[in-house]
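The structure under discussion appears below in the form of structure tokens.
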Amino acid sequence: MKIEVVTLFPELVEVVTRSGMPRVAVEQKALELSCINPRDFANNRWRKVDDRPCGGGPGMVMQAEPLAQAIETAKASLGPATRVLMMSPQGERMDQQWFQRLSQEAGLIVLCGRYEGVDERLVTSAVDVELSLGDFVLSGGELAAMVLIDGIARLLPGVLGHAESAGQDSFVNGLLDHPHYSKPVAWRGQAVPEVLMSGDHARQARWRLKQALGRTWLRRPDLLENLELDAEQQTLLREFVAEQKEGGGS
Ligand code: SAH
């Protein structure tokens, strides 16, 4: 996948591919990231791409023309049908389903706003989707774009070490992930749950599913409302709930 980020701070966005999964994705050539600076399309010698808001009010607004030219340049290299995503607190909330859907695309153009935002005429004429990181206001779209790139990079084919690893993650199957343990088996007086040391793979799989269901019930009951649990899942969740009520909790 090729991602072109339109940003006034390319050096900030490029950091996302220096470590972790995005770096692996780039090394494996599953991901190619480049940035386009709208200042390169400014029509003045100060490379200024913002101006005062029409009608007054505080701050500055990113002007439409340099952003339009930056997007056109990105489309010239990625193809005219490439989707343009704008980072915006007013957009649809990014979630795992968004990352999964977007990871199927061959290319994406990601637009990062700054200041008070972007001239609305550019948004209505050149942006396909506005995406938000959450109900708060950041000073720029770059951090949101980096979150998006990280979330997508780890889903690209061949990037995660274990093929199934992403399949167990929270939200992928509608549930939160189960808890994880590693060595040593006894740590500061706390043992790893006995079932995980039993070598009984079927029991372990049931334990993982039960914990995933239980955690979701405890922490994000809203997620369960969207799921149709099968008979085994219902039994496991009932067991988990009963154990909680007994005060066992495991
Ligand atoms: N005046 C705007 C906020 C501008 S913040 C408003 O109230 O809606 C400047 C830029 O930061 C935005 O254009 C957007 O690109 C980015 N940004 C801020 N908060 C964000 C969020 N929660 N998610 C994604 N991008 C965000």
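Both counts, for ligands and for their atoms, begin at 1 and track the order of listing.
- Residue Arg39 qualifies as enclosed at atom CZ: its count of foreign heavy atoms under 6.0 Å is above 12.
- Counting atoms of ligand 1 from 1 in the listed order, those under 4.0 Å from a heavy atom of Gly141 are 11 (O), 15 (O), 16 (C).
- The protein atom (non-hydrogen) at minimum distance from atom 14 (C) of ligand 1 is Met87 O, 3.0 Å.
- Ion pairing between Glu225 and Arg220 fails under the 4.0 Å rule for side-chain N and carboxylate O.
- Of all protein heavy atoms, the one lying nearest to atom 6 (C) of ligand 1 is Gln90 NE2, 3.7 Å.
- Between Leu131 and ligand 1 there is a heavy-atom distance shorter than 4.0 Å.
- Counting atoms of ligand 1 from 1 in the listed order, those under 4.0 Å from a heavy atom of Gly117 are 13 (O).
- By the 6.0 Å contact criterion, CD on Glu11 is enclosed, its count of non-hydrogen atoms from other residues, nucleotides or ligands being greater than 12.
- Among protein heavy atoms, atom 23 (N) of ligand 1 sits closest to Leu133 N, 3.0 Å.
- A donor and an acceptor atom, one from each side chain of Ser77 and Glu4, are located under 3.5 Å apart.
- Contact atoms of ligand 1 toward Gly113: 10 (C), 11 (O), 13 (O), 15 (O) (distance under 4.0 Å to a heavy atom of the residue).
- With hydrogens and angles disregarded, a donor-acceptor distance shorter than 3.5 Å links the side chain of Thr216 to the backbone of Leu176.
- The nearest pair of heavy atoms linking Trp98 to Arg93 is CD1-O, 3.5 Å.
- Nearest protein neighbour of atom 19 (N) of ligand 1, counting heavy atoms only, is Leu138 N, 2.9 Å.
- Among all non-hydrogen protein atoms, the one lying nearest atom 22 (N) of ligand 1 is Phe136 O, 2.8 Å.
- Close approach to Gly134 involves these atoms of ligand 1, each under 4.0 Å from a residue heavy atom: 22 (N).
- Salt bridge Glu194/Arg203: present, at least one basic N to carboxylate O contact under 4.0 Å.
- Contact analysis puts Val137 in contact with ligand 1, with a non-hydrogen atom separation below 4.0 angstrom.
- When only non-hydrogen protein atoms are considered, atom 26 (C) of ligand 1 lies nearest to Pro89 CD, 3.6 Å.
- Among all protein heavy atoms, the one lying closest to atom 2 (C) of ligand 1 is Glu116 O, 3.4 Å.
- The pair Arg47-Asp40 meets the salt-bridge criterion, with a side-chain N (NZ, NE, NH1 or NH2) lying under 4.0 Å from an Asp/Glu carboxylate O.
- Of all atoms in ligand 1, listed by their number and element, those nearer than 4.0 Å to a heavy atom of Tyr115 are 4 (C), 5 (S), 9 (C).
- Pairing each heavy atom of Leu156 with each of Ser103, the nearest pair is CD2-O, 3.7 Å.
- Using a cut-off of 4.0 Å between Lys/Arg side-chain N and Asp/Glu carboxylate O, Glu239 and Arg206 are scored as salt-bridged.
- Counting protein heavy atoms only, atom 25 (N) of ligand 1 is closest to Ser88 N, 3.3 Å.
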